[in-house]
Amino acid sequence: MPHSALVVVANRLPIDEAVLESGAREWRRSPGGLVSALRPILQGDGTSWIGWAGSTGPAPDLPDIDGVALRAVPQSQEEFENYYEGFANSTIWPLYHDAVEQPTFHRRWWEAYQRINRRFAAAAAEAAPPGALVWVQDYHLQLVPAMLRELRPDLRIGFFMHIPFPPPELFKQIPRRADLLRGLLGADLVGFQVPGGARNFVRLIERVLGLRTRHNEIEVDGRVVHVGAFPISVDVGELEELARSEEVRAQAAQIRADLGNPDRILLGVDRLDYTKGIEHRLKAYRELLADGRVKVPNTVLVQVAVPSRERVEHYKALREKVEREVGGINGEYGRLGVPAVHYLNCSYNRAELAALYLAADVMVVTPLRDGMNLVAKEYVACRHDNGGALVLSEFAGAAHELKQAYLVNPHDLDDLKDSLVGALEADPSDTARRMRAMRRYLRTHDVTAWARAYLSALEFPVGL
Ligand code: ADQ
């Protein structure tokens with residue numbers, strides 16, 4: 001039987017509540033991300049999206065968005081603290097990112113994680129028409145596939161992990177490791193960003209659960225679970241069109257002028273997260289200034305760091321450290337009216353981001369570990385002029401694909417400094433050759449190609 005309905009299950013619904021000038025509130029579709037990826041296929045009867053609306057307390061009634069029914073899953077403040085800030089973002093997130101910060105574990109966090117996962121599974125079971133495909137997203141909801149299969153064995157279930165999946169030596173530290181693996185095995189297809197994540201998962205299934213595996217197939221309860229790598233991407237066409245627009249090009253020129261028309265602009269755009277390597281980047285830049293290899297005002301660094309998970313301890317500490325470092329660099333190397341680092345915490349719309357990308361000579365993407373990193377791909381997608389150079393960490397999933405970037409080990413300060421200088425001083429014909437090759441690759445590996453590859457592997461009839 002063809003599966004015609006699609007139900008997406010993700011921690012967050014693809015909407016934000018906006019407060020209008022009149023004081024009235026309105027729900028708006030969140031820009032970018034998964035929702036744009038899935039828009040072309042989120043059509044047809046029975047299509048829905050299940051997730052949290054963003055505030056604790058009872059679930060709000062929500063309007064349909066682009067014909068997709070939105071169903072909010074509620075959570076209390078205490079559940080938010082234990083499930084989201086606790087188990088998801090203080091146990092799983094650091095552990096899956098090479099434990100670059102110390103993961104912590106509390107039994108009450110795990111209990112809340114189970115409870116919320118069960119609530120999501122129940123909501124999906126209620127929303128899904130017979131034989132539908134339910135696509136569960138990310139590390140917040142690893143128990144949902146098995147819980148949902150128990151409630152609705154008629155469904156086809158997919159799971160996609162947006163963040164890295166760690167090697168067995170690390171994963172095995174989690175006190176409830178077998179439960180997590182069994183949760184994921186409820187899916188028909190478990191997708192990861194890169195082949196290494198898929199390999200780690202299969203090895204763990206053998207070692208922790210002792211199940212038989214063959215290549216990327218796992219036999220469990222008389223079913224076969226498929227495992228694979230599906231690198232996510234961006235809407236290349238949309239970004240390129242935006243970046244080509246008169247308005248964005250003018251905005252890019254204005255940004256350069258506002259910065260005092262320096263010879264070279266370095267740019268970092270990240271969520272303020274300890275996995276993104278912001279501190280390492282600042283340290284490298286500071287040493288380059290100290291060595292005299294980079295000089296203000298010829299060169300400036302713009303670092304956009306949008307705060308996230310602000311109540312979690314590691315994030316508070318990071319924000320303070322980054323602010324202190326930026327203050328130190330500007331105190332030492334800035335001039336009146338010309339800071340060495342322009343540090344911005346605001347959130348930008350797509351056009352503003354595209355203008356920043358167009359204005360930047362060197363994009364610095366140096367995470368210590370990252371599932372994919374969409375910023376790197378967005379930068380390439382926007383550079384229709386084949387201008388600009390991308391400095392990219394080997395530890396970002398994107399490095400497996402964007403091989404012509406200036407690849408760097410962000411843990412090695414000298415390598416980071418040399419790569420930054422290499423990119424700053426590169427011959428324009430070399431940077432253009434690299435950019436052209438990366439753009440050629442991305443054009444055929446955009447976000448629609450990602451969704452199509454994943455859903456075809458699940459035998460979902462994709463009209464893409
Ligand atoms: P994130 O860790 O959030 O995603 P990333 O892939 O870089 O990291 O995506 C960030 C997104 O936020 C980008 O689309 C970027 O444009 C946007 N953004 C950043 N700063 C912004 C700002 N100031 N204003 C507006 N928008 C901003 C997780 C994983 C990644 C994986 C993605 C998708 O950690 O590894 O690539 O999911 O699977």
Side-chain angles (χ1 to χ4, degrees), residues 8 10-12 14 16 30-38 88-89 92-98 100 135-141 159-166 191-194 196-197 229-236 238-239 242-243 255 267-278 302-309 312 315 318 322 342-358 360 363-382 390 392-402 442 445-447 450-451 454:
V8 175
N11 176 58
R12 274 294 262 127
D16 295 307
S30 347
L34 204 54
V35 68
S36 342
L38 301 179
N89 285 316
I92 295 291
W93 178 271
L95 197 115
Y96 282 24
H97 287 89
D98 287 357
V100 293
W135 192 2
V136 183
Q137 311 287 328
D138 225 357
Y139 66 104
H140 317 88
L141 302 174
F159 181 91
F160 184 75
M161 184 74 83
H162 290 256
I163 68 173
F165 195 73
F192 297 92
Q193 300 274 27
V194 293
F230 303 88
I232 200 167
S233 191
V234 296
D235 191 333
V236 177
E238 187 185 62
L239 283 167
L242 195 60
I255 291 170
L267 174 67
V269 174
D270 310 82
R271 268 189 315 98
L272 193 45
D273 192 299
Y274 52 81
T275 61
K276 303 290 182 187
I278 301 170
V302 177
Q303 176 63 58
V304 178
V306 66
S308 66
R309 306 170 193 168
V312 176
Y315 290 77
L318 173 75
V322 168
H342 294 257
Y343 180 63
L344 305 153
N345 287 138
C346 36
S347 188
Y348 291 104
N349 64 35
R350 305 307 285 166
E352 289 166 332
L353 273 182
L356 275 167
Y357 292 146
L358 269 192
M363 183 78 218
V364 196
V365 181
T366 54
L368 306 178
R369 177 60 76 189
D370 214 331
M372 178 52 59
N373 195 293
L374 296 181
V375 169
K377 291 188 173 180
E378 288 166 2
Y379 181 66
V380 173
C382 285
L390 173 64
L392 178 61
S393 163
E394 291 167 19
F395 298 96
H400 292 253
E401 299 172 277
L402 303 178
L442 269 198
H445 293 81
D446 66 356
V447 74
W450 167 76
Y454 186 91

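Just so you know, ligand 1 is whichever comes first in the structure, and atom 1 is the first atom listed for that ligand.
- Counting atoms of ligand 1 from 1 in the listed order, those under 4.0 Å from a heavy atom of V269 are 19 (C), 20 (N).
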Quiz prompt | Derivation of the salt bridge (charged side-chain N to carboxylate O under 4.0 Å, His left out) call for R350 and E238 | solution = CA-CA 10 Å; R350 305 307 285 166; E238 187 185 62; 5.5 Å; no

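- Although no hydrogens or angles enter the test, the distance criterion places no donor-acceptor pair under 3.5 Å between the side chain of E401 and the main chain of A398.
- Looking at D370 next to ligand 1, an N or O pair under 3.5 Å apart turns up.
- At a heavy-atom distance under 4.0 Å, no atom of Y139 approaches ligand 1.
- At a heavy-atom cutoff of 4.0 Å, ligand 1 is contacted by the side chain of R350 but not by its backbone.
- Interface atoms of ligand 1 facing L353, defined by a heavy-atom separation under 4.0 Å, are 16 (O), 25 (C), 26 (N), 27 (C).
- Each of the atoms 31 (C), 38 (O) of ligand 1 lies under 4.0 Å from some heavy atom of Q193.
- For ligand 1, the atoms lying closer than 4.0 Å to a non-hydrogen atom of G371 are 35 (O).
- Heavy atoms of V375 found under 4.0 angstrom from ligand 1 belong to the backbone as well as the side chain.
- For ligand 1, one of its N or O atoms has an N or O atom of H162 under 3.5 Å away.
- In this structure, the ring of F230 has its center no less than 6.0 angstrom from the ring center of F192.
- The ring of W93 has its center no closer than 6.0 angstrom to the ring center of Y315.
- Heavy atoms of C346 come nearer than 4.0 angstrom to ligand 1 in at least one pair.
- Residue-ligand proximity: K276 is placed with a non-hydrogen atom under 4.0 Å from ligand 1.
- Taking every non-hydrogen atom of R271 and a distance limit under 4.0 Å, the qualifying atoms of ligand 1 come out as 1 (P), 2 (O), 3 (O).
- No heavy atom of Y96 sits closer than 4.0 Å to any atom of ligand 1.
- Using modelled atom types, no side-chain atom of Y379 and backbone atom of V365 make a donor-acceptor pair closer than 3.5 Å.
- At a heavy-atom distance under 4.0 Å, no atom of L344 approaches ligand 1.
- When non-hydrogen atoms are compared, ligand 1 lies under 4.0 Å from the backbone of L374 as well as from its side chain.
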